[in-house]
Amino acid sequence: MRTIHPIEARSMEILRSRVDLGALPPLTRAVTERVIHASADLEYATDLVADEACLRQGLRALRDGAPIVTDVAMVAAGITARPVICSIGDPAVASDGLTRSAAGIRRSYAKTGPGAVWVVGNAPTALEEIIEYGVAPALVIGLPVGFVGAAESKAALRDSGLPAVSNVSEKGGSAVAAAALNALLYFEEGAPPWSPSPTKEDS
Ligand SMILES: C/C1=C2N=C(/C=C3N=C(/C(C)=C4\N[C@@](C)([C@@H]5N=C1[C@](C)(CCC(=O)O)[C@H]5CC(=O)O)[C@@](C)(CC(=O)O)[C@@H]4CCC(=O)O)[C@@](C)(CC(=O)O)[C@@H]\3CCC(=O)O)C(C)(C)[C@@H]/2CCC(=O)O
């Protein structure tokens with residue numbers, strides 16, 4: 001069981017006093033709350049596009065040991081509970097006219113094959129590559145940020161029919177994408193997300 005710092009538990013109390021997501025299904029709620037927690041941005045309550053069945057498929061894959069792949073090292077740095085593959089820094093990543101982020105996707109797929117959970121928090125071109133390269137993902141968390149191509153790449157992800165979490169606006173980012181993945185890694189069946197850890201006084 002994960003130890004929850006009192007500051008994190010307090011953050012959750014504040015979040016829930018500002019926005020009530022109790023009507024959402026459990027995994028959708030856990031992901032949405034954790035994204036809001038990481039960004040202090042309540043607009044994600046309506047901006048995020050998640051599907052409970054897709055999240056359930058992603059959770060099952062993670063629990064079965066599916067590899068986790070990220071577009072950039074910043075997203076990887078935010079995922080501490082499991083090893084992560086990120087190929088952007090591999091010397092063998094040749095650009096071939098692609099961005100390094102997109103080339104890294106091809107390199108990562110060569111390492112993982114199908115069935116991985118892909119997490120994109122920075123590069124729209126990486127998300128486009130995931131859609132077009134045919135990586136057969138268990139889940140794509142597609143939350144790149146920016147004014148050039150971010151919203152469009154997320155719309156393309158939704159149109160692709162791949163199992164996905166995305167958001168509609170230009171917002172996103174490495175911290176937010178890592179948070180969405182962490183929500184799945186931390187999820188406990190039947191436990192309200194962010195229940196404070198028992199203290200010594202409780203035991
Ligand atoms: C267009 C790019 C954008 N990058 C943004 C924001 C941030 N990027 C940071 C860093 C350190 C990196 N960005 C690269 C991924 C680099 N960024 C790009 C590219 C030029 C193209 C990506 C795309 O359009 O799909 C991309 C270069 C590439 O060849 O892929 C990075 C690889 C650059 C590099 O160092 O070579 C590098 C990531 C390294 C790593 O993690 O391994 C920032 C930290 C820069 C900063 O603000 O100081 C920041 C991180 C934001 C975050 O939350 O992740 C944008 C604004 C997202 C922008 C994409 C869209 C746009 O509107 O321009």
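In each ligand, atom 1 is the first atom listed, and ligand 1 is the first ligand listed. Position 1 is the first residue of the sequence; numbering continues from there.
- Contact record, A45 with T32: CA-CG2, 4.0 Å, taken as the closest heavy-atom pair.
- Using a distance-only test at 3.5 Å, with no hydrogens or angles considered, a donor-acceptor pair links the side chain of D71 to the main chain of N122.
- Here salt bridge (charged side-chain N to carboxylate O under 4.0 Å, His left out) pairs that include residues 122-145, with residues two or more places apart or in two chains, are R106-E129.
- Sorted pairs that involve residues 140-161 and meet salt bridge (charged side-chain N to carboxylate O under 4.0 Å, His left out), not counting sequence neighbours, are lacking altogether.
- Sorted by chain and number, the residues within 4.0 Å of ligand 1 by heavy atom are V72, A73, M74, I88, T99, R100, S101, G121, N122, A123, P124, T125, V145, G146, F147, V148, G173, S174.
- Sorted by first and then second residue, the salt bridge (charged side-chain N to carboxylate O under 4.0 Å, His left out) pairs with a member in residues 168-185 read D41-K171, E43-K171; sequence neighbours excluded.
- With hydrogens and angles disregarded, no donor-acceptor distance shorter than 3.5 Å links the side chain of N182 to the backbone of I79.
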